[in-house]
Q: 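One structure coming up, written as structure tokens, with questions to follow.
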Amino acid sequence: MSAETTDRLEAARLEKLHKIEALGIDPWGQRFDDHVAIRDAREKCPTEKGVVGAEIRVAGRVMLRNDKGKLKFMHIQDWTGRIQIMLSKSEFTDEQWELINCIDLGDIIGVDGHLKVTNTGESTVGATQVTFLTKSLAQPPEKFHGAKDIEMLLRQRYVDLIYNDGVLERMLKRGKIINSIRSTLRDRNFVEAETPVLHAIAGGAAARPFITHHNTLDMQLYLRIALELHLKRLMVGGVERVYEIGRVFRNEGVDSTHNPEFTMIELYQAYGNYETMMDLTEAIFTNAIRATDQEMVLPWGEKEIDFTPPFQRAKYGDLFKEHAGCDMHDAAGVMEAAKRFHVDTKGKAHDLIVNDIFEEAVESKLIGPVFVIDYPASMCPLTKRKTSDPTVAERFELFIDGLELANAYTELNDPRLQEELFLTQLEGQKEEDSMAKMDHDFVRALKVGMPPAGGLGIGIDRLVMLITNSHSIRDVIYFPLLRHEVRNAAGEVEEDSSET
RNA sequence: GAGGGCGUAGCUCAGUCGGUAGAGCAACGGACUUUUAAUCCGUAGGUCCUGGGUUCGAAUCCCAGCGCCCUCACCA
């Protein structure tokens, strides 16, 4: 990066800024009331040439400029769309025209005028007044090709949002989806809670946590990896229908479906079970799809996913038999299948091997949406066992094209069994890979009595990916994690040579 | 963490066999009152990611580092 070139381009803009100031105008703008959304302005625009439409006020960023001397065209953009502005010298005083000549690409202006269509049929605001609202000192990307350097776009997401079609729209859809989830739950009398992010024990899921430290209390803390155990404590406390939409943190790899911090919703419903949660999952998904003005069949890359409820329900054991070719209880068959799917069996408990084979052989085959139900109990230390068969846990995971979208249980509320399961590590499973981490306070809470309940967790980022047909989690997170840029004393970006 | 790819002007991209860097847009100066990525004339703009090496000579070849992307592993 050349600081000199940047300075040269910035200097040209600063010169215009000084000209604006010399005209007695604030180049950083002031309150600007009563403008209409550009989308609404376009709708009000007459369609016949020569017809003078409504008086209107719009505001936005200058994206394109055709300067024909005494007649100028500009395109301005707000968060609803773009519209052309026509500026005719005959409409303005000399001073105002001088201001108009100081407008650069990227500046933010307000425009009063009347709606019309030009000779070429373009919806246009014939400007009668221009209000300068903000000077842009930075050089915008190429006007036709836009910016394509993925690294720059991630580091300067604001540039991505302004100059690349669909980026802002997609992120606004994320907001609509989250609003829809809240609305679905509000209709069912759920209340929202905020529980601690700093945990003494990083429980409720199997993942490596981020570790931090509280200075004055001199204690080690973890950033939460799940919302589960605090929300269940609230169930004990009588908050009968509770949810939290919150960031969780997992100190794991980064790829197209994983970001170290991501957003989950977890919800708990007293007196429900995992079947209640399946119905609720369907409601949350279908309402969210409607909230983005789409039908139930969504494009997903080359595929289409049909979200019309009810979603398919398939038993874990049946899927295992179908794709792994043997009964999951058949020890010899499972060992043979492990070989076929290159699953390491050394020192591992039978159910752990079964689970590894399941992940290898089955998950990618699940296009769905499909609820995989009834997991081996040993894999589910927080889940209630089936009364009819204690080796089976009342758990489901929702899979769509091999992606795990949701995870739900009939919640285990037996404190003695919970304590026992916290103490039981499956053979061959590392502690950090296990959900079973002793949490005495949680057991104490269960002793007070938690009602039978259904609980559900949904990965919000992945849900947004599916609904917006985005195949990278970075496309649905405003600021995904990147390595640091390092700046030298002059403020220029340098390569990071430090070891951390 | 492993393997592969990429890194050239503010942006989008060329750059042949190794012979010391080009275009378009943007910027700057000029012409133009219905353009659509406007057009036309002119000007300026470079740490070819960084550091070594090979060579008479490196954007180009080699090595190392940094960043990003892809695949795999871990994970949701």
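Each chain gets a letter, A, B and so on, in the order the sequences are listed, and its residues count up from 1.
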Q: Taking only N and O in the side chain of A:Lys148, is any of them less than 4.0 Å away from OP1 or OP2 of B:C6?
A: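 Answer no for this pair, as no side-chain N or O of A:Lys148 is under 4.0 Å from OP1 or OP2.
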Q: Does one side chain, of A:Asp401 or A:Trp300, offer a donor that lies under 3.5 Å from an acceptor on the other?
A: yes
Q: Using the salt bridge (Lys or Arg N to Asp or Glu O under 4.0 Å) rule, collect all pairs that involve residues 453-465 of chain A, keeping only residues at least two apart or in two chains.
A: A:Arg174-A:Asp461
Q: Strictly by ring pair (Phe, Tyr, Trp, His ring centres under 6.0 Å), give each pair with a member in residues 339-360 of chain A just once, sequence neighbours left out.
A: A:Tyr316-A:Phe358
Q: Taking any heavy-atom pair under 4.0 Å as a contact, classify A:Asn259: base, sugar-phosphate, or nothing.
A: base
Q: Going by ring-ring contact (aromatic ring centres under 6.0 Å, His included), name the residues that satisfy it together with A:His199, two or more places apart in sequence or in a different chain.
A: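 Scan of A:His199 (ring-ring contact (aromatic ring centres under 6.0 Å, His included), adjacent residues dropped) gives A:His230.
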Q: Not counting sequence neighbours, list each pair that qualifies as a side chain to side chain donor-acceptor pair (under 3.5 Å) and has a residue in residues 97-108 of chain A.
A: A:Lys16-A:Asp104, A:Lys72-A:Asn101, A:Asp104-A:Lys135, A:Asp107-A:Lys135
Q: With centres under 5.5 Å and planes under 30°, do A:Phe262 and B:A76 count as stacked?
A: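 So A:Phe262 counts as stacking on the base.
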Q: Is any side-chain N or O of A:Asn66 closer than 4.0 Å to OP1 or OP2 of B:U35?
A: no
Q: Could you list, one pair per line, each protein nitrogen or oxygen that sits under 3.5 Å from a nitrogen or oxygen of nucleotides 27-29 of chain B, together with the distance?
A:
residue: B:A27; atom: OP1; partner: A:Arg65; partner atom: NH2; Å: 2.3
residue: B:C28; atom: OP1; partner: A:Lys16; partner atom: NZ; Å: 2.4

Q: Taking the same atom, C1', in B:C70 and in B:A64, what whole-Å distance lies between them?
A: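 Taking atom C1' in both B:C70 and B:A64, they lie 23 Å apart.
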Q: Less than 3.5 Å apart, which donor and acceptor atoms pair up between the side chains of residues 85-96 of chain A and the rest of the protein, not counting sequence neighbours?
A:
residue: A:Ser88; atom: OG; partner: A:Ser90; partner atom: OG; Å: 3.0
residue: A:Thr93; atom: OG1; partner: A:Gln96; partner atom: N; Å: 3.1
residue: A:Thr93; atom: OG1; partner: A:Gln96; partner atom: OE1; Å: 3.4
residue: A:Gln96; atom: OE1; partner: A:Thr93; partner atom: N; Å: 3.1

Q: How do A:Glu91 and A:Met152 order along RNA chain B: which one's closest nucleotide is nearer the 5' end?
A: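 Closer to the 5' end of RNA chain B: A:Met152.
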Q: Please list, by residue number, the residues of residues 159-167 of chain A whose heavy atoms come closer than 4.0 Å to an atom of RNA chain B; answer none if no residue qualifies.
A: none
Q: For residues 42-53 of chain A, pull every pair meeting side chain to side chain donor-acceptor pair (under 3.5 Å), keeping only residues two or more places apart or in separate chains.
A: none
Q: Taking atom P of B:U12 as reference, at what distance in whole Å does atom CD of A:Glu151 sit?
A: 12 Å
Q: Taking salt bridge (Lys or Arg N to Asp or Glu O under 4.0 Å) as the cut-off, I'd like each qualifying pair that reaches into residues 111-122 of chain A, sequence neighbours left out, listed once.
A: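 As it turns out, the salt bridge (Lys or Arg N to Asp or Glu O under 4.0 Å) pairs with a partner in residues 111-122 of chain A, which skip direct neighbours, are A:Arg57-A:Asp112.
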